[in-house]
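Notes follow once the structure below has been shown.
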Amino acid sequence: MSPARSQKAMGAQSATLVIVFSAVCFGLAPWFAKGLSEAGLASSAIAFFRFLTSALILLIFLRFSHEKRKATFWAIGSGIAVGLGWIGYVEALKAAPVSTVGVIYMTYPLFTLLIAWLWLKQQLTLRAVSAGMLILAAAFIALSPAALAPKTLWAALACLTAPLSFGFAICVLASRLRRLSALERAAGFSLGAVLGLLPLILSLEPGAVIPREAGQWMLILGISVVTALLPNLLFAAAAPLVGAGRTSMAGSMELPTMFAIGWLAFNEPIGLSQVLAGALVIAAIVLAPVVSPDDWH
């Protein structure tokens, strides 16, 4: 192997490890979210704090020049959707097992494909349909009476707002943000999430928004930096170096991380249903095609 090719291969391996690390950081979100919920913070406040640090730090990268204004507003709109959708995710963590919430959240490729088909007119290929069927099977297993008590079913279903909004954001990223750099996209997205949640924050009592102990502020720092700002920046830098296929495979490490968090941090048993549903979701993520502008017509 030539030195140039060897260096490129090592670069791809390093980028893959960075994506795996980012996925693990994303998967740590339930640990911080449940801790803040138990401390009495409202779900909308937890979602707000998750995106606030990113919005403040990346604010300097917002661009409203004539050629970028429309794309920036699209980025803000996608952030509003994801910020509000994350409320359902946090609500689900209060009642449903972390592993179940993780499986439901990771159904976002199905929503991405459906939105791309309905909105962007992207053709549904055999790979897309196969990936969608795997995700549907995983969702049925995760929501079955064998895996989920009836009293927690509605809480788990509330989590669907998160993958739905994230699927929409992916389609916006693929179709409307090509004029923006990675940092400009992240800035608009983070600001949108904060703006979308701000009216809900203002309607809450201070006790449901403002932590009262230092440990709770550390959880806020963790959920905003460890599960949002840091992995988003690393992911944006590494993903273009390895391509969509390897990115999907490395990024699927988020789900096993959530399983481990539920087991280690909250003593939640991991049964055959969760393992099978998780395996189907990971297979679907690897199989699912990329939402590509070249496929629109």
Side-chain angles (χ1 to χ4, degrees), residues 26 29-30 32-64 68-96 101 104-105 108 111 115 119 154-173 176-177 180 183-213 216-217 219-229 232:
F26 288 133
F32 296 101
K34 283 181 74 74
L36 289 169
S37 291
E38 292 171 357
L41 266 68
S43 297
S44 55
I46 296 171
F48 177 81
F49 282 123
R50 182 174 188 248
F51 296 104
L52 181 60
T53 300
S54 298
L56 294 176
I57 291 177
L58 298 176
L59 198 61
I60 59 173
F61 296 104
L62 276 176
R63 295 294 181 266
F64 290 99
K68 295 189 175 185
R69 185 181 304 128
K70 187 175 181 180
T72 297
F73 280 121
W74 271 109
I76 292 173
S78 67
I80 291 173
V82 171
L84 294 175
W86 222 69
I87 296 175
Y89 175 88
V90 179
E91 281 293 313
L93 285 172
K94 294 179 181 180
V101 174
I104 296 172
Y105 177 72
Y108 69 84
F111 291 102
I115 294 171
W119 178 33
W154 289 109
L157 288 174
C159 186
L160 287 172
T161 58
L164 173 60
S165 60
F166 189 44
F168 169 73
I170 291 174
C171 290
V172 170
L173 172 65
R176 299 293 186 267
L177 306 187
L180 303 179
L183 288 174
E184 291 166 353
R185 295 168 184 170
F189 173 84
S190 301
L191 177 62
V194 169
L195 292 177
L197 291 162
L198 186 58
L200 298 176
I201 298 301
L202 295 176
S203 69
L204 295 172
E205 295 293 329
V209 178
I210 302 174
R212 293 175 290 274
E213 299 178 4
Q216 296 165 12
W217 282 109
L219 289 174
I220 286 177
L221 182 64
I223 201 170
S224 62
V225 175
V226 177
T227 79
L229 177 63
N232 274 321

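No experiment lies behind these values; they were computed from the predicted model shown. Values below: all heavy atoms of this structure, side chains included; hydrogens, waters and symmetry mates excluded.
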The test is side chain to side chain contact (heavy atoms under 4.5 Å, CB included); show your working for Thr161 and Leu84 and say whether it passes. CA-CA 8 Å; Thr161 58; Leu84 294 175; over 6 Å; no
Audit row: Phe111, Leu160, side chain to side chain contact (heavy atoms under 4.5 Å, CB included) steps and yes/no: CA-CA 10 Å; Phe111 291 102; Leu160 287 172; 4.2 Å; yes
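For Phe32, there are no ring-ring contact (aromatic ring centres under 6.0 Å, His included) partners, not counting sequence neighbours. Every side-chain contact (heavy atoms from CB on, under 4.5 Å) that Arg212 has, sequence neighbours left out, goes to Gln216. Applying the side-chain contact (heavy atoms from CB on, under 4.5 Å) criterion to Leu173, with sequence neighbours excluded, gives Leu177, Arg185. Every ring-ring contact (aromatic ring centres under 6.0 Å, His included) that Trp119 has, sequence neighbours left out, goes to Trp74, Phe168. Judged as a salt bridge (charged side-chain N to carboxylate O under 4.0 Å, His left out), and not counting sequence neighbours, Lys34 has no contacts. Judged as a ring-ring contact (aromatic ring centres under 6.0 Å, His included), and not counting sequence neighbours, the contacts of Tyr108 are Phe166. Considering only residues two or more places apart in sequence or on other chains, Ala55 meets the side-chain contact (heavy atoms from CB on, under 4.5 Å) condition with Ser190, Val194. Legend: residues meeting side-chain contact (heavy atoms from CB on, under 4.5 Å) with Ile220, ordered by chain and number and at least two apart, are Leu36, Leu41, Phe49, Pro211, Trp217.
Within the structure, ring-ring contact (aromatic ring centres under 6.0 Å, His included) contacts touching residues 75-96 (residues at least two apart or in different chains) are Trp86-Tyr89, Tyr89-Tyr105. A side chain to side chain donor-acceptor pair (under 3.5 Å) check over residues 46-56, counting only residues at least two apart or in different chains, returns the pairs Arg50-Thr227, Thr53-Ser224. Residue pairs satisfying the salt bridge (Lys or Arg N to Asp or Glu O under 4.0 Å) criterion with at least one member in residues 75-95, sequence neighbours excluded, are listed as follows: Glu91-Lys94.
Across every non-hydrogen atom of Ala187 and Leu58, the tightest pair is CB-O, 3.1 Å. Contact detail for Pro163 and Ile104: the closest heavy-atom pair is CG-O, 3.5 Å. For the pair Gly35 and Leu219, the tightest heavy-atom approach, listed with the atom from each and the gap, is C-CD1, 3.8 Å. The minimum heavy-atom distance linking Ala47 with Gly83 is given by the pair CB-O, 4.0 Å. For the pair Gly85 and Ser165, the tightest heavy-atom approach, listed with the atom from each and the gap, is CA-OG, 3.7 Å. In plain terms, the two heavy atoms of Pro30 and Leu93 that are nearest each other are CA-CD1, 3.8 Å.
The CG atom of Leu183 lies 11.5 Å from the CD1 atom of Ile57; values are rounded to the nearest 0.5 Å.
Annotation: side chain of Leu164 is in contact with side chain of Ile115 (closest heavy-atom distance under 4.5 Å). Phe51 places a side-chain heavy atom less than 4.5 Å from the side chain of Val82. Side-chain contact between Glu184 and Thr72 is absent, with no heavy-atom pair separated by less than 4.5 Å.
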Distance-only donor-acceptor hits, side chain of residues 196-206, under 3.5 Å, sequence neighbours excluded:
from, atom 1, to, atom 2, distance (Å)
Ser203, OG, Leu200, O, 2.7

